[in-house]
Amino acid sequence: MMKHLYFYYLLGVMNFRYDKRKKSFTSSKVITALKVVLHLVFPNFVLMAISVIGKTGILLTIPSVHVVSFAMRIILTSVTMNVTILLNYYYTGTKQRALLNECLSCIRDEQRLSADNGVRTSQFRGSKIMLGIFLLHYINYEINQYTYVLLYDEKWPELMFFVIFYFMEMVTVMNALYYATMLNVVHRTVQLDNERLSNCLQENAKNEPFELDDPYWWRMIEHFYQRVLTLHRRRRDYCSAFQLQLVTVALNTFIASFVIFYVNMNNLLLNAHDNVLEKYKRVTECLGFFSQMGGLLMICYHAYKLESEQQSLMRLIIQTQSKLTKCAANMKRGDVFNSRMTILQNQTKISPYSLFDFDLEYFFGIVSAIITYLVVLLQFRSFESGNK
């Protein structure tokens, strides 16, 4: 997990890294200041200088839906990257570090216990693969900019502008992957609790009825109920640390994905792509849609998995209550626990500012909305063409 998160540190998404001596995540003010210059000040200054000073035609000169939508993508992506990086560095970085250190301690304890039992634990392999795929995509995205030099005799200021912009877009998508990874870390802690309680029930399934007394099962129930409360607190800590970032990333993903889809489809309808470089350029740019939506999908997927694991843990706790004797005191006390967990079950969503819930239903709703708006714009385009 440490190597995985170190990539986000190198990309400038977060400003703290794992210290092996202290065995925790730490940050440095000097390194943070240097990363701000490298990832915020320099890219913004270059884009502004080329747009305003350089005579490259990058500024809006043709009032068309195509150009306006692409300009909107550039502006919103730049704003999103600046907002999320500043929040990660200076406003919620302490909360993020505390949450990560707490989850790391929990996972490390479980790994130590699993190692003693000869069991190998998960090392977030899926998240590492996803990060590698996205990095390879954006490396290819940057290489793709050279095709504009060959095809359209693009000048170096324009080339520099789009290289810097796609770097900023990559960092914005990596922010989404980082938020998904943090959800995955929290999800892993509750998954470990689920596995532990499930194994306990399986090991005692062959025992004679009431062989283990009520105090044993009550200790088990209360221990894992406290784990549910801890998870509930971690979920709130996650929302507190990332809620504004999640809102801005969701908004930017919707706009940027829609613009990429619309601009590339518009180009496919207007121009023939007979040249190999033309095809390579268009395919590469179309893949940008999947990278944007992929980052949002990973957040929604891990939020859904976290909610499912939390509800599964609650069901296992209720199942554990069946091991108790059916005396009136146990039944009354069990009803109290069930009532508390029923209340907690309604608070398992990742919902920044209570605006919307991050889950798979939300993701597919975004996809449907993009397709709907795309159909509307294409209808307007055909209507305008018919009038001409």
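Index from 1, following the sequence.
Between the side chain of Asn140 and the backbone N or O of Leu136, no donor-acceptor pair lies under 3.5 Å. In this structure, the side chain of Ser105 does not engage the main chain of Asn101 through any donor-acceptor pair within 3.5 Å.
Hydrophobic clustering (side-chain heavy atoms under 4.5 Å, transitive across Ile, Leu, Val, Met, Phe, Trp, Tyr) keeps Leu287 apart from Ile143. Hydrophobic clustering of Ile, Leu, Val, Met, Phe, Trp and Tyr side chains at less than 4.5 Å, counting indirect connections, unites Tyr353 with Val249. Linking ILVMFWY residues whenever their side-chain heavy atoms come closer than 4.5 Å, directly or via other members, leaves Val37 and Val13 in distinct clusters.
Put simply, the side chain of His39 does not reach to within 4.5 Å of the side chain of Leu11, judged on heavy atoms. When side chains are defined from C-beta on, Trp218 counts as touching Phe337, because their heavy atoms get closer than 4.5 Å.
Here CD of Glu309 is found 9.5 Å from OG1 of Thr189. Values are rounded to the nearest 0.5 Å. Atom CG of Leu99 sits about 12.5 Å away from atom OG1 of Thr94, to the nearest 0.5 Å.
With a 6.0 Å radius and a threshold of 12 heavy atoms from other residues, nucleotides or ligands, Tyr90 has its OH atom above the threshold. Within a 6.0 Å sphere centred on OH of Tyr362, heavy atoms belonging to other residues, nucleotides or ligands number more than 12. Counting heavy atoms of neighbouring residues, nucleotides and ligands inside a 6.0 Å radius, atom CE of Met72 exceeds 12 of them. Within 6.0 Å of atom CD in Glu222, more than 12 heavy atoms from other residues, nucleotides or ligands are found, so the atom counts as buried in its surroundings.
No side-chain donor from either of Gln321 and Asn330 sits under 3.5 Å from a side-chain acceptor of the other. One side chain, Thr32 or Asn15, offers a donor N or O that lies under 3.5 Å from an acceptor on the other. Checked by atom type, the side-chain pair Gln245/Tyr178 shows no donor-acceptor distance below 3.5 Å. For the residue pair Asn184 / Tyr179, no side-chain donor-acceptor distance below 3.5 Å is found, with atom types taken as modelled. Between the side chains of Tyr280 and Thr147, no donor-acceptor pair is found at a separation under 3.5 Å.
A cation-pi contact, defined as under 6.0 Å to the ring centre and within 45° of the axis, is absent between Arg227 and Phe224. A cation-pi arrangement, defined by a distance under 6.0 Å to the six-membered ring centre and an angle within 45 degrees of its axis, is absent between Lys349 and Phe356.
Under the 6.0 Å cut-off for aromatic ring centres, Tyr9 and Phe16 do not qualify, their centroids lying 6.0 Å or more apart. Checked against the 6.0 Å centroid threshold, Phe161 and Trp156 do not count as a close aromatic pair. Between Tyr138 and Phe134, the distance separating the two ring centers is not shorter than 6.0 angstrom.
Side-chain contacts under 4.5 Å among hydrophobic residues (ILVMFWY), followed directly or transitively, place Ile129 together with Ile133.
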